[in-house]
Number of protein chains: 2
Amino acid sequence: MNFSLSEENYLKTIFHLEQHFKEGVSTNAIAEKLETKPSSVTDMVQKLAEKEVIRYVKYKGTTLTEKGRKVAIKIIRKHRLWEVFLVDKLDFQWDEVHEIAEQLEHIASEELINRLDEFLGFPTVDPHGDPIPTKEGLIKNSQKRLLSKLSVGEQGICVGVKDSESEFLKFLDKKNIAIGSQIEVLSKEEFDHSLQINLDGKLLYISKLISDNLYIKLDG
Amino acid sequence: MNFSLSEENYLKTIFHLEQHFKEGVSTNAIAEKLETKPSSVTDMVQKLAEKEVIRYVKYKGTTLTEKGRKVAIKIIRKHRLWEVFLVDKLDFQWDEVHEIAEQLEHIASEELINRLDEFLGFPTVDPHGDPIPTKEGLIKNSQKRLLSKLSVGEQGICVGVKDSESEFLKFLDKKNIAIGSQIEVLSKEEFDHSLQINLDGKLLYISKLISDNLYIKLDG
DNA sequence: AAATATTTTTAGTTTTGTCTAAAAATAAAA
DNA sequence: TTTTATTTTTAGACAAAACTAAAAATATTT
């Protein structure tokens, strides 16, 4: 079965939103993510339910069927492999690739994506630390963790922030914490959950507020 | 200015057809190439004329404006660079890449295509021997010539056929002439314009009917 | 030059995916 | 438990890009 660009974007979005919803994904949530109107979402989910890629109950939200999940995972696989290509081969920065990958993920050829996978050396995570689904549709748990969740001794590189408010980003800048920084947890303070870390070779103290908003991709 | 996928396909097609039309490109010719109806073409060329990328005179056909030519050349540049990528990096065969490149040519990022160009080592021709326009929009003459137009001593590789009728392809197969074959013109017979060629190291005689239908990409 | 054939355009629909405005269902507050 | 607020759906409209059928313009024959 074939899906339009728009349908693919809906399926991908519902897949991502499902991870944060216990029940079905709400119409409003989809609308917000896709920057569209709730009424448009209703139209589309009705169509997708006809195609049996989602389960949709009026006023109750939607969930992907197994069929829909497979389609979504294929798109995510393509997106993440292209991101690796852009960063590893074309030397793009991590923060520059998302928009381009949003387009590349809709290129249809199955053969293309499998050859690209091979060309890239079968990577398991994308530049943001998110896992790349296999050809068979298997997807590992994310290697991306909040800095505050790391144990003493664990290390990795900073791959993103949770809350990207300007104030927070300025603070990070002042402390020389950037995307790409190597970070190792040296010790934890039980009382206030602050951390002592090794940042690119230098010693640094980090409060819980900060460590709760930094994503780390674990080494290895 | 931005163009839809459909508009881009029209501009590209008109560019290609202009090479075979003295006056304006006919509505029917565009319709045939794009496998659509003439009435749809009329609608679209009127829209493109509004956008000043083509000149359109009712019943007289269309020609690209300088603006339209630039857009078309950009798309062709992308198409051909992606073809090089698919063949050189992902080991696709020449006859497998066209369809995929038809999709990739519509990926928008200018930065992407320039980096891809660099990654591929600034190639000047695509796998079919067609020239790749530069970043500035300059496009060289094709290095692809009919075998019958080569002079004695010239050599290259076979990159395509003009008339791809099944009978003809079978004949080529029998003679061991294939896409990728190295061909050198050893001598020409004035009387019937038949050729003596070196085909991958072996001597072969070729009639005018055949040499008029084989495209050669010159070496170097 | 008139008749015929071909090409091109116009007029009116259709499909896809979106929108606005209003109605209906559900959730939250008084 | 009413009332109010929020969410979701329906109904109707619109733009893009295609289509069919018929009319108009151009080309080709006779």
Side-chain angles (χ1 to χ4, degrees), chain A residues 1-14 17-18 20-64 68 71-72 75 102-103 105-106 108, chain B residues 1-14 17-18 20-64 68 71-72 75 102-103 105-106 108:
Chain A
M1 189 176 287
N2 262 17
F3 297 92
S4 71
L5 192 143
S6 200
E7 289 172 332
E8 288 195 353
N9 282 331
Y10 272 88
L11 290 174
K12 185 187 58 161
T13 299
I14 293 167
L17 288 172
E18 264 188 344
H20 305 285
F21 274 76
K22 317 296 151 194
E23 320 283 303
V25 177
S26 78
T27 299
N28 264 5
I30 299 170
E32 199 177 332
K33 254 288 174 80
L34 289 174
E35 295 179 51
T36 183
K37 301 290 165 184
S39 57
S40 308
V41 174
T42 301
D43 284 348
M44 183 56 98
V45 295
Q46 284 172 349
K47 199 173 80 173
L48 291 173
E50 292 265 310
K51 288 193 164 191
E52 299 185 334
V53 283
I54 65 172
R55 276 173 294 271
Y56 163 63
V57 185
K58 262 193 194 177
Y59 298 103
K60 296 291 175 188
T62 67
T63 52
L64 290 177
V71 176
I75 301 163
E102 286 287 295
Q103 295 177 61
E105 74 189 4
H106 300 291
Chain B
M1 191 175 289
N2 260 17
F3 297 92
S4 72
L5 193 143
S6 201
E7 290 171 331
E8 288 195 354
N9 281 331
Y10 272 88
L11 291 173
K12 184 186 59 164
T13 298
I14 294 167
L17 288 172
E18 265 189 343
H20 304 286
F21 275 77
K22 318 294 150 199
E23 319 284 301
V25 176
S26 79
T27 300
N28 263 6
I30 299 170
E32 200 176 332
K33 254 289 174 81
L34 289 174
E35 296 179 53
T36 182
K37 302 290 167 186
S39 56
S40 308
V41 174
T42 301
D43 284 349
M44 184 56 98
V45 295
Q46 285 172 350
K47 199 173 81 172
L48 291 173
E50 292 265 311
K51 287 191 164 193
E52 300 185 332
V53 283
I54 65 173
R55 276 174 293 271
Y56 163 64
V57 185
K58 262 193 194 179
Y59 297 103
K60 296 293 175 188
T62 66
T63 51
L64 291 178
V71 177
I75 300 163
E102 286 287 295
Q103 295 177 60
E105 74 189 4
H106 301 291

Novice: Remember a base hit wins even if backbone is also touched, and classify B/Ser40 as base, sugar-phosphate or nothing at under 4.0 Å, heavy atoms.
Specialist: base
Novice: May I have the distance from A/Phe3 (atom CZ) to C/dT16 (atom C1'), rounded to whole angstrom?
Specialist: 15 Å
Novice: Could you tell me the separation between the CD atom of A/Glu7 and the P atom of C/dT16, rounded to a whole number of Å?
Specialist: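 The answer, rounded to whole Å, is 9 Å.
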Novice: Evaluate the side-chain contact (heavy atoms from CB on, under 4.5 Å) criterion for residues A/Asn28 and A/Lys37: first the C-alpha distance (whole Å), next the side-chain angles of each, then the deciding distance (0.1 Å), finally the verdict.
Specialist: CA-CA 8 Å; A/Asn28 264 5; A/Lys37 301 290 165 184; over 6 Å; no
Novice: Do B/Thr42 side-chain and C/dT10 base share a donor-acceptor contact under 3.5 Å?
Specialist: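 No.
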Novice: Record whether the side chain of A/Ser39 comes under 3.5 Å of the base of C/dT18 through a donor-acceptor pair of N or O atoms.
Specialist: no
Novice: Do any of residues 21-32 of chain B sit with a heavy atom less than 4.0 Å from DNA chain D, and if so which?
Specialist: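 Within this stretch, nothing sits under 4.0 Å of the strand.
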Novice: Would a 4.5 Å heavy-atom cut-off, applied to side chains only, mark B/Ile75 and B/Phe3 as touching?
Specialist: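 They are not in contact (no side-chain heavy atoms under 4.5 Å apart), so the answer is no.
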Novice: Can you tell me how far CG of B/Leu48 sits from OH of B/Tyr10, rounded to the nearest 0.5 angstrom?
Specialist: 8.5 Å
Novice: So, is B/Ser6 near the phosphate of D/dA18, with a side-chain N or O under 4.0 Å from OP1 or OP2?
Specialist: yes
Novice: Pairs under 3.5 angstrom, nitrogen or oxygen only, protein versus nucleotides 23-28 of chain D, please.
Specialist:
unit_1 : atom_1 : unit_2  : atom_2 : d
D/dA25 : O4'    : B/Tyr59 : OH     : 3.3

Novice: Using every non-hydrogen atom in the two residues, find where A/Lys51 and A/Asn2 come nearest and quote the distance to one decimal.
Specialist: NZ-O, 3.3 Å
Novice: C/dT15 P sits how many Å from A/Asn2 CG, rounded?
Specialist: 19 Å
Novice: Would you mind reading off the distance between B/Gln46 atom CD and D/dA15 atom C1', rounded to a whole angstrom?
Specialist: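 Whole-Å distance recorded here is 16 Å.
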Novice: Can we say A/Glu7 and A/Lys12 salt-bridge, meaning some charged N sits less than 4.0 Å from an Asp/Glu carboxylate O?
Specialist: no
Novice: Under the side-chain contact (heavy atoms from CB on, under 4.5 Å) rule, what do A/Ile54 and A/Thr63 come out as? Steps first, then yes or no, please.
Specialist: CA-CA 6 Å; A/Ile54 65 172; A/Thr63 52; over 6 Å; no
Novice: Can you tell me the distance, in whole Å, between the CG atom of B/Leu34 and the P atom of D/dC19?
Specialist: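 Spelled out: CG on B/Leu34 to P on D/dC19 is 10 Å.
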Novice: Quick check: are there more than 12 heavy atoms from other residues, nucleotides or ligands sitting under 6.0 Å from CD of B/Glu32?
Specialist: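 Not more than 12 within 6.0 Å, no.
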Novice: Rounded to the nearest Å, what distance is computed from the CG atom of residue B/Asp43 to the C1' atom of nucleotide C/dT10?
Specialist: 9 Å
Novice: If I take atom CD in residue A/Glu50 and atom C1' in nucleotide C/dT16, what distance separates them, rounded to the nearest angstrom?
Specialist: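 Taking atom C1' of C/dT16 as the reference, CD of A/Glu50 is at 15 Å.
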Novice: Name the residue from B/Thr62, B/Thr36, B/Val25 that meets the side-chain contact (heavy atoms from CB on, under 4.5 Å) definition with B/Val41.
Specialist: B/Thr36
Novice: For D/dT8, take OP1 and OP2 only and decide whether either is under 4.0 Å from a side-chain N or O of A/Tyr56.
Specialist: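 For D/dT8, neither OP1 nor OP2 has a side-chain N or O of A/Tyr56 closer than 4.0 Å.
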Novice: Please walk me through it: do B/Leu64 and B/Leu11 pass side-chain contact (heavy atoms from CB on, under 4.5 Å)?
Specialist: CA-CA 8 Å; B/Leu64 291 178; B/Leu11 291 173; 3.8 Å; yes
